[in-house]
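Single-structure report; data block below.
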Amino acid sequence: MIELSTLTYLFMAMTGVVSLVATYLAILESNLIKAVVLSAIQSTTYVILFYLLMAPDIALVYIPVSVGLYPAAVLFLIKKTERTENDSNEVVASED
Amino acid sequence: MVEELINEILMAAGTLMIVVGAIADLTGSIGLLRFPNFFVRLHAATVGTIWGAFVPLIGAALFAAGYVELGTHRWFVTGGAAVTALLILLLGPVGSHALARASYRSKAAIPYPLIHDALKEKFREGGKE
Amino acid sequence: MNSELYLSVVFWVIPIYLTAFALYSVRAVKGPTIPDSVLAIDSMSYDLAAFITILSILFHSPILIAVAMVLALWVFALDIYVAKYLESREMGE
């Protein structure tokens, strides 16, 4: 007979692995919109971890900041600048 | 006696709805993984949203209303689950529709097994006149 | 009052949900286009709200339910942000 805590620890391990994979791919991704979406996956898995560790107050603060406000701010910034990340370090100056 | 019967009926209905929701959730996730392109995957995602989230939330509300061991706080669970179910019923289709409209008009997702595109002809006629 | 029977039935529902979350995560990570990933995150979060409600009943701690409402609302906001970005990129500001 499986107990409830066993399934809880299994769920924690699963979300930890998914958040690690999402973070690694978000660092390597050169398309910035895909990087924002991958960081949203990482935020969702961290919400599950905060919930399972019995910290609903931290989860309630973490959801609006990392699922709502952070992708909004980053998408607004990407709309003003370039969409892909360049390998060259030269600054692309937009005069107009 | 009557209260115990009512609680029993509420818990049985809630359990049934939760099981139906879990099976629909698994179906929706398999469909989302196996379907060929974005516009077909919208169908599976809608199955997973309405049948997989709305139905078990209503079931959890009924289950918590009949589960006496939770104490007085079970009405908190019932109200929260009902409000979340109502929000998902309103917000899920709106979000899917906005995403589908944006990805069709910006050509972010290409529907490749496409034979006849009636919406494109409609846009073109609307653009001429 | 045999609430133990119903609780055990609800307990065995949890592995089905875990399998579904694993499949949603695969599609969200490897989605070929951006709307695929956003759609997978959307569906996963709505189902996660339902799963959080079921777990708060099984944990006997009703205060945990407040996460579900907030999660459903803010994931809808993420959806609208990405849709607005995609539409404004091709159709002009």
Side-chain angles (χ1 to χ4, degrees), chain B residues 4 7-8 11-12 14-15 18-19 21-23 25-26 28-30 32-33 38 41-42 44-45 48-49 52-57 60-61 63-64 66-71 73-74 76-77 80-81 83-85 87-88 91-92 94-96 98-103 105-110, chain C residues 1-3 5-7 9-10 12-14 16-17 19-24 26-27 31-36 38-40 42-44 46-54 56-57 60-63 65-66 68-69 71-73 75-76 78-80 82-91:
Chain B
E4 285 190 359
N7 288 337
E8 187 99 19
M11 287 182 74
T15 310
I18 287 173
V19 171
I23 294 171
D25 196 3
L26 189 62
S29 66
I30 291 173
L32 198 72
L33 193 62
F38 171 69
R41 275 175 206 141
L42 274 172
T49 301
F54 175 71
V55 173
L57 275 168
F63 190 92
Y67 187 35
V68 189
E69 282 84 352
L70 277 181
H73 285 293
R74 67 181 190 271
F76 184 53
V77 179
V83 168
T84 314
L87 283 178
I88 287 178
L91 296 183
V94 172
S96 299
L99 204 61
R101 181 176 186 271
S103 67
R105 297 183 77 172
S106 72
K107 296 179 180 56
I110 307 298
Chain C
M1 193 70 194
N2 51 359
S3 62
L5 173 67
Y6 300 121
L7 278 181
V9 171
V10 173
W12 284 107
V13 156
I14 294 177
I16 306 178
Y17 271 102
T19 315
F21 288 140
L23 295 178
Y24 277 133
V26 169
R27 175 51 73 196
T33 61
I34 297 162
D36 282 323
V38 179
L39 190 68
D42 206 24
S43 306
M44 186 171 75
Y46 288 146
D47 294 334
L48 188 65
F51 188 58
I52 277 173
T53 309
I54 295 167
S56 76
I57 292 174
H60 289 272
S61 56
I63 200 69
I65 191 127
M69 268 179 278
L71 189 65
L73 278 172
V75 164
F76 171 72
L78 173 74
D79 214 342
I80 295 301
V82 177
K84 191 170 177 297
Y85 174 80
L86 285 176
E87 203 152 355
S88 75
R89 182 165 57 93
E90 295 292 332
M91 307 293 290

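When reading the values below, keep in mind they use all heavy atoms of this one structure, side chains included, and skip hydrogens, waters and symmetry mates.
Across every non-hydrogen atom of B:Gly92 and C:Tyr46, the tightest pair is CA-CE1, 3.7 Å. Taking every heavy atom of both residues into account, C:Ala83 and B:Ala98 meet most closely at CB-O, 3.8 Å. Shortest non-hydrogen contact noted between B:Ala102 and C:Leu86 is CB-CB, 4.2 Å. Between B:Ala22 and C:Ile16 the shortest heavy-atom distance is O-CG2, 3.6 Å. Between C:Pro62 and B:Val77 the shortest heavy-atom distance is CB-CG2, 3.4 Å. Considering every non-hydrogen atom in both B:Ala85 and B:Phe54, the closest pair reads O-CD1, 3.3 Å.
Here C:Asp47 is the residue among C:Leu71, C:Asp47, C:Ile54, C:Thr53 with the most heavy-atom pairs under 4.5 Å with chain B. Contact tally against chain C (heavy-atom pairs below 4.5 Å) for B:Gly14, B:Gly48, B:Ala100: the top residue is B:Gly48. For the options B:Arg74, B:Arg101, B:Arg41, heavy-atom pairs under 4.5 Å to chain C are most numerous at B:Arg41. When B:Ile110, B:Thr84, B:Val83, B:Val94 are compared by the number of non-hydrogen pairs under 4.5 Å with chain C, B:Thr84 comes out ahead. Highest contact tally toward chain B, considering only C:Leu7, C:Ile63, C:Leu78, is held by C:Leu7 [criterion: heavy-atom pairs under 4.5 Å]. Heavy-atom pairs under 4.5 Å with chain B were tallied for C:Asp42, C:Asp36, C:Val13; the largest tally goes to C:Asp36. With chain B as partner, the option from C:Ile52, C:Leu73, C:Val82 having the largest number of non-hydrogen pairs under 4.5 angstrom is C:Leu73. For the options B:Gly80, B:Ser96, B:Gly52, heavy-atom pairs under 4.5 Å to chain C are most numerous at B:Gly52. Comparing B:Ile18, B:Val55, B:Val19 by how many heavy-atom pairs each has under 4.5 Å with chain C, the most go to B:Ile18.
Contact of B:Leu87 with chain C is made through the side chain alone, with heavy-atom distances under 4.5 Å. Proximity to chain B is limited to the side chain of C:Ile65, based on heavy atoms less than 4.5 angstrom apart. When heavy atoms are compared at a cutoff of 4.5 Å, C:Ile80 approaches chain B solely by way of its side chain, counted from C-beta outward. With a 4.5 Å cut-off on non-hydrogen atoms, B:Ala12 touches chain C through its backbone and its side chain both. With a threshold of 4.5 angstrom between heavy atoms, C:Phe76 approaches chain B through side-chain atoms but not through N, CA, C or O. When heavy atoms are compared at a cutoff of 4.5 Å, B:Ile88 approaches chain C solely by way of its side chain, counted from C-beta outward. Neither the backbone nor the side chain of C:Ile14 comes within contact range of chain B; no heavy atoms are under 4.5 Å apart.
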Full working for side chain to side chain contact (heavy atoms under 4.5 Å, CB included) between C:Ile57 and C:Val10: CA-CA 10 Å; C:Ile57 292 174; C:Val10 173; over 6 Å; no
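By the 4.5 Å heavy-atom criterion applied to side chains, B:Phe38 and B:Leu99 are counted as neighbours. Proximity of B:Ser29 to B:Leu26: side-chain heavy atoms (C-beta onward) are separated by under 4.5 Å at one or more points.
The aromatic rings of B:Tyr67 and C:His60 lie tilted to each other, with the angle between the two planes from 30° to 60°.
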